[in-house]
Each structure stands twice: as structure tokens, then as C-alpha cells.
Peer 1: 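Quick one: structure below, then a few questions.
For this chain, numbers begin at 1 and follow the sequence in order. Heavy atoms only: backbone and side chains are in, while hydrogens, waters and symmetry mates are out.
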Amino acid sequence: MFNVKHTWNKERIYSDLIKTGRDQMMQSVELVDKERKPKLILQFVKYCSDAIESSLLQEGVKREMLRDKVTGILSAMQHGLLDARKMFPSLLPLLEVNDWLGEEFMIKISDIPSWMFLSWDKQLFAWLPSKIQPWITPLVIRLCKDYPSVLVYGYNVSKESWNKNVNPKTHKEIERLLRSSDLQEKFLGALQHVGLPSVLAETFLAYAKRTGDFEKAYDLLKNTIFSDGCEARGILYREFTRKWKAKFTQTFENEMPTMSSISQLALDMKNETKRAPQKILLKDLSSWLSEYRRLGLSESIELPGQYGSGMKPMPEYHIYIESFEHEALILGSLRRPVKIGIVGSNAKSYKYLMKFGEDLRQDERIESLFEAANSTLDANPETRKRGMRIKTYKVFPLSPRHGLIEWMEGVVTMQDFLDLSEEDKAKVASASGKYSRLHKGPGDYIPGYSNLTEDDVESSYDEALRMCIPKNTMKRRFERLSSSPEGLYRLRLSFIRSHATMSIVHWILGIGDRHTSNNMVSVLTGESVGIDFGYAFDVSVEFLPVPEVVPIRLTPQIAEVTEPIGILGIMKSSMVHTLNAIKEDNDVFLAVLDVFVKEPSIDWIELAKHAGDGNLHARAKESWFPLKKVKIAQDKLMNGLNPAHATLEALKNKGNFEAIKNHVLGSDSQRGRLKEHGLSTEEQVTCLIEQSTDKNLLGRMWVGWYPFL
């Protein structure tokens with residue numbers, strides 16, 4: 001009895017103290033002058049947020065403080081505070097578990113200008129099919145009325161996942177508002193043809209194989225590729241139709257389509273794609289885009305991506321699409337994306353990459369998380385004074401199957417940045433051959449954790465390193481780009497700090513596949529830039545046949561750039577500052593992560609099938625796969641998760657786990673001695689660097705990752 005009474009007293013005393021503090025802060029908010037009020041409101045919100053987390057807080061007081069948090073953030077938004085707008089997504093999960101806040105939330109947001117929510121349109125669309133739908137619908141409708149040219153992009157992607165979970169009247173009204181511009185509709189329709197017809201066909205065939213919905217796949221093929229009534233198609237589409245329409249008709253109409261016949265068609269499309277030229281004219285893909293001229297039209301199309309400044313949009317000063325450049329470039333990578341140029345109303349050319357066959361929502365969301373991280377880094381004194389940010393670019397998903405990516409000028413792959421001679425390339429090839437001798441194929445890597453000792457792997461890795469190009473090749477490239485010692489210092493410092501910042505955020509999000517073509521470098525500023533985020537949230541550890549046990553790229557070429565001080569100098573301190581800043585202000589970052597749970601991309605749904613126990617529909621109700629991935633990111637920020645244990649969490653369903661575990665933790669390492677949770681920021685970064693530079697782990701990476709470069 002004594003213990004129960006003592007616990008009750010503690011809760012009451014704690015709650016009374018918190019409530020007294022709340023009352024005092026509320027009085028201060030009322031008394032302070034108008035200029036300082038918004039920031040004081042946010043301090044009050046922070047006080048409420050911290051108090052809510054305590055298990056000692058009594059339920060009645062907790063409800064009051066939940067209300068204070070919601071109304072406080074929205075009040076600060078009314079006062080125009082940017083920091084409050086960044087916190088808006090954190091309210092959506094609160095509403096889901098505290099629906100009694102809904103009415104007050106809805107009333108409060110009605111007084112806030114709609115443009116303040118523009119940054120979060122994708123989050124609002126993702127949350128629309130949830131139980132908070134009644135409270136956010138008026139805001140979504142308002143945004144669609146005020147900014148249809150912006151909202152249409154998110155809507156076109158999200159609507160396929162809504163099914164019947166969105167009120168039909170709401171869906172119909174959104175559709176009406178966003179389909180008001182005939183010119184915008186034609187523009188978006190024409191963009192569907194900025195890709196090789198064989199790549200589009202392969203994309204729709206992949207959809208048929210994935211879903212088994214042959215009817216919808218055939219409808220997509222007919223409406224996009226084979227539609228005789230579509231005047232926007234270029235000559236490549238007309239020629240493709242003449243050559244292949246009969247074969248597709250036979251497969252989908254005259255015969256009963258099977259997985260075998262679909263697979264054969266997909267193989268035919270791959271072979272067709274291989275024969276495509278590199279340079280073509282835009283009119284060969286889309287005659288509508290090629291002939292488009294703004295002059296004389298009654299309406300205009302805005303250049304995408306002009307609404308992210310955090311200020312009230314002024315469309316009269318925006319850049320509009322004047323025309324499209326005549327030439328297009330087909331890149332040689334797997335999906336054969338097409339690079340196009342748009343001429344703006346300011347007479348400048350803007351380059352974009354049109355990519356088919358991928359759900360670019362993940363890349364767009366990752367970029368949104370980078371933007372959230374940048375806002376945090378800008379607000380933190382330590383990171384702000386060092387100019388630490390992540391270089392970002394715009395991604396515009398146009399459907400779950402295709403989208404536009406902003407082209408970055410002056411940015412090249414790390415492989416190209418090294419500027420290797422033919423002799424150097426031969427050395428890299430020799431090193432690759434030497435490195436591969438321990439693992440003859442992907443199937444040898446997992447057994448190798450038992451069969452190959454630490455000495456075997458490190459010896460092989462050192463030998464590959466000796467045969468490869470000099471470790472200072474990248475450093476010397478920076479020297480050649482510099483016109484003075486001061487210039488070299490600036491370039492190297494820019495690279496080190498940007499790579500450290502990017503690496504920490506990549507680690508939080510579990511971004512893998514950081515080979516030398518996905519790690520890029522700006523030849524203008526020296527910044528390190530990441531692209532292609534298909535393997536995020538430790539997917540490259542859990543699902544690739546050769547698990548990526550090295551969490552970030554700190555390979556010899558990068559390490560040499562940091563000399564003579566080394567990785568433990570500016571690189572490490574920059575990583576510590578970055579992680580500290582995001583930990584201290586993680587609300588927005590974690591709130592943005594919720595969109596992965598509410599609207600999983602196609603890739604995540606597929607991975608959930610592989611990771612699941614066969615009963616996907618039962619587990620999908622709880623969004624188990626995205627929740628599991630997001631929880632690991634939360635653990636890194638909130639619970640001091642040891643990086644090695646984050647890797648092991650993703651590996652636990654792999655065969656030969658105990659042997660893998662021994663190598664990941666290391667035989668005599670700090671990451672192995674430290675506990676699983678509760679690490680300080682300094683300890684987390686120390687373990688992360690140690691694991692990423694461990695020769696025993698670098699020697700067990702896939703050869704195509706080039707761990708010796």
C-alpha cells in the first residue's frame with residue numbers, strides 16, 4: 001500500500017509542478033509584446049512537448065498540454081513564424097491518437113493562410129485516407145482551390161493509393177479543382193511520352209507481373225503508347241506502334257495473358273531498348289512539347305518547384321515555361337532516362353531528367369527530409385557558422401511509375417571526378433580482379449563470414465589497395481581544380497564538411513548503395529552530393545544478396561582528402577555537430593518520416609512481401625514494415641542506438657547470422673564493447689567511423705561498390 005501511495009504522490013507532485021510552470025508561461029505569453037510573442041509561444045510548445053513525454057504526468061494535465069501544443073503551434077503559424085510551420089507535420093500523428101482535438105484544430109487552421117501549408121501538401125494527401133480525414137479535408141480543399149498547379153503533382157501520385165478510403169465527395173471535389181487547367185493537363189499528358197516507348201512498355205509489363213492486373217496494364221499500354229487518337233506522340237511512338245501493336249494485341253486480347261507471355265514481352269522490350277540511339281530530337285518523342293510556345297496563349301505553365309521558399313508565393317514573379325529545347329539526350333543507365341531542356345520566361349535554360357520504371361516518391365521524400373535537416377542545421381549555431389548543409393535537388397513524381405528530376409550542373413560522379421587515365425582504369429580493373437578472388441559470386445559472401453578469417457579478408461583488401469590507383473588521386477584532383485592554396489583549402493573544407501553532413505543524415509535514414517556512381521562531387525564548389533535513394537532504411541543490408549555492412553562511405557580516397565589531420569579531425573567533428581543538431585530538434589524530421597508509413601511506395605510494398613510471413617494483408621493493416629524501418633531511425637536519434645546494432649537489426653533474418661554478428665561487432669573494437677542503446681552522440685559517431693573504415697568489413701562488400709577507392 002505504501003508503494004502505491006508513494007507512486008501516486010510522485011505523479012501528483014510532478015503534475016502540479018508542470019501545471020504551475022505551464023500557467024506561468026501562459027501568463028508570460030499574454031504579457032509579452034507582439035514582436036516577441038511568436039518565439040515565446042514556441043518555447044511554451046517545447047515545454048509542453050517535453051512534459052507530455054513523461055510517464056509521471058497525470059492524464060488530465062496531459063490532455064491540457066496536448067491541446068496547448070496544438071493550439072500553440074497553430075498560433076505561432078498565425079503570427080507568421082517559419083519555425084512553427086516546420087512543426088506542422090508533427091500535429092498530424094497527434095490528431096490520429098487524440099481525435100478530441102480535431103474540432104479545435106480545424107477551427108484554428110481556418111484562420112491561417114493556405115500558402116503556409118504548401119510545404120506539406122504531400123503529407124496532407126498521404127494522411128487524407130486516415131481517421132483524421134474530417135479535420136484536414138477543409139485545408140486540402142482550400143489548397144486545391146488556391147494552388148492547383150502545385151497540388152496536382154502530389155494528387156496524381158497519391159490518388160492511386162486512396163482506394164475507397166477517401167470520401168467520394170471529397171475525392172470528386174479535389175479532382176474538379178485540380179483538373180481546371182486544360183493546358184496543364186496537356187502538359188502532364190505530354191510528359192508521359194518523354195521516354196523510350198520500349199521503356200514505358202517494360203514499365204507497364206512490370207506492373208502486370210507485380211500486381212497480376214493484366215487488364216489495367218493493357219489499358220495503360222493502349223492509352224499511353226498505342227493510342228491512335230493521341231496527337232502528342234512523336235514519330236518514335238508511331239514507329240513502335242507499327243512494329244509492336246499486333247504482338248501486344250495478340251498477347252492481351254487474342255490469347256489469355258500469362259506470366260510467361262508477359263515475361264517474354266518484357267525481354268523483347270529490353271532488347272528493343274538496347275537498340276535506341278543516344279541523341280534524338282524532342283519531337284521524336286512528343287510533338288506537343290516540341291511545338292509548345294507560350295506566346296499568344298491565354299494561360300501559362302509554371303516551371304515546377306517554385307513554391308518552396310517559405311514565403312507567400314507571388315506567381316506574377318514566377319518563371320513560366322516559354323518553350324522546350326529541340327534536342328534530347330538518352331542516358332545510358334539501366335532505365336535509359338531522358339534529359340530535356342526547358343526554356344523559361346527569363347530566357348534561361350533549365351535541365352531535367354525524365355525517368356520511367358521507378359516510384360520516385362521515395363527520392364522526393366528523402367529530399368524533403370534533407371530539406372528538414374537543412375532547416376535544423378541553419379537554426380543550430382554550431383552548424384550554421386560552419387555553413388553545414390546537404391546539397392539538394394527537386395524531384396517531381398508524376399505517377400507511381402515516372403517522374404521528373406532536376407538536373408544538377410557541374411556535378412559529376414565520384415568515378416568521373418577522379419578523372420582516371422586509361423592506365424589508371426586498368427589498375428582499378430586489376431584491383432577489382434584481385435579483390436574478387438575471395439568471393440567468386442554473390443552466393444559466396446554470406447558463407448564467407450564463417451569460411452574467411454579476418455586476416456584473410458584484410459590481407460586481400462590490402463593487396464587490392466596496393467594494386468589500385470594512388471590513395472591521393474582524389475586529393476590531387478582537388479589540387480588541379482584550384483588556382484591557389486586558399487582555393488584548395490576552400491574546396492577540401494567544403495567537401496569534408498558536406499560529406500560529413502550528408503553521411504550522418506544518410507546513416508539516420510539507412511541510405512545504402514553508395515557506390516562511386518551514386519556519390520557525386522561538385523567541380524564548382526567541392527560539395528559531396530548523393531543521388532538515387534532506392535536503397536534507404538537499411539534495405540541494402542537486409543535484402544541485397546551481398547549485405548552492405550559498411551554504413552557510410554569513408555573509403556581510402558575520401559580519407560586521404562582529410563589528411564594530414566585525418567578522418568578524426570574536421571570530418572568527425574562535423575559529423576558530431578550534425579547529429580547533435582538533428583537530435584536536439586528532431587520533431588519535424590520524425591514527423592516527415594510519417595509519410596512513409598501512411599503512403600508506402602511501391603518498392604516498400606514489394607519489400608514487405610519479401611520480409612513478411614506470407615500474410616501481408618493481415619500485417620499491412622498495422623503498416624508493420626514501414627513502422628519497423630521508421631522506428632530504427634527514431635532509435636538512432638532518441639535512444640542512442642549503436643550503429644553496429646542498427647546493422648545487425650537489419651541482418652537478423654540472414655543466414656549465418658552469428659558469424660556475421662561477430663564480424664560486424666569486431667574482435668577488439670569500441671563498437672563491440674559499447675552497449676546497444678544509450679550511446680552519446682560522440683560515441684555513436686566514433687562507432688560509425690570505426691565500422692565504416694574496418695578493413696575486415698570493407699573487404700566483404702560487393703566489388704561493384706569499389707571499397708578500395
Peer 1: Could you measure the distance from the CG atom of Leu66 to the CD1 atom of Ile52? Nearest 0.5 Å is fine.
Peer 2: 4.0 Å
Peer 1: If I compare all heavy atoms of Ser49 with all of Lys69, which pair ends up nearest, and what's the gap?
Peer 2: OG-CE, 3.2 Å
Peer 1: Under 6.0 Å from the ring centre and within 45 degrees of the ring axis: does the NZ or CZ of Arg553 meet both conditions for the six-membered ring of Trp705?
Peer 2: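 That pair qualifies as a cation-pi contact.
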Peer 1: Look up atom CD in Glu371 and atom CG in Asp378, then write down how far apart they are to the nearest 0.5 Å.
Peer 2: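 Atom-to-atom, Glu371:CD and Asp378:CG are 9.5 Å apart.
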Peer 1: Going by ring-ring contact (aromatic ring centres under 6.0 Å, His included), name the pairs with one or both residues in residues 650-670, residues two or more places apart or in two chains.
Peer 2: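 Non-adjacent pairs meeting ring-ring contact (aromatic ring centres under 6.0 Å, His included): Tyr449-His663.
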Peer 1: Closest heavy-atom contact between Lys583 and Leu637?
Peer 2: CG-O, 3.4 Å
Peer 1: Whether Arg476 and Glu479 form a salt bridge (side-chain N of Lys/Arg under 4.0 Å from carboxylate O of Asp/Glu) is what I want to check.
Peer 2: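 Salt bridge flag = no for Arg476 with Glu479.
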Peer 1: Carefully, step by step, assess Phe478 and Tyr489 under the rule ring-ring contact (aromatic ring centres under 6.0 Å, His included).
Peer 2: CA-CA 9 Å; Phe478 278 117; Tyr489 171 77; over 10 Å; no
Peer 1: Check step by step if salt bridge (Lys or Arg N to Asp or Glu O under 4.0 Å) holds for Glu358 and Lys355.
Peer 2: CA-CA 7 Å; Glu358 287 185 24; Lys355 202 169 188 180; 3.4 Å; yes
Peer 1: Ring centroid separation for Phe370 and His506, is it under 6.0 angstrom?
Peer 2: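 Under 6.0 Å, so yes.
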Peer 1: What heavy-atom pair brings Phe533 and Arg514 nearest, and what distance separates the two atoms?
Peer 2: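 Looking at all heavy atoms of both residues, the shortest contact is CE2-NH1, 4.0 Å.
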Peer 1: Closest approach of Val703 and Phe708, non-hydrogen atoms and distance?
Peer 2: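 Minimum heavy-atom contact is CG2-CE2, 4.5 Å.
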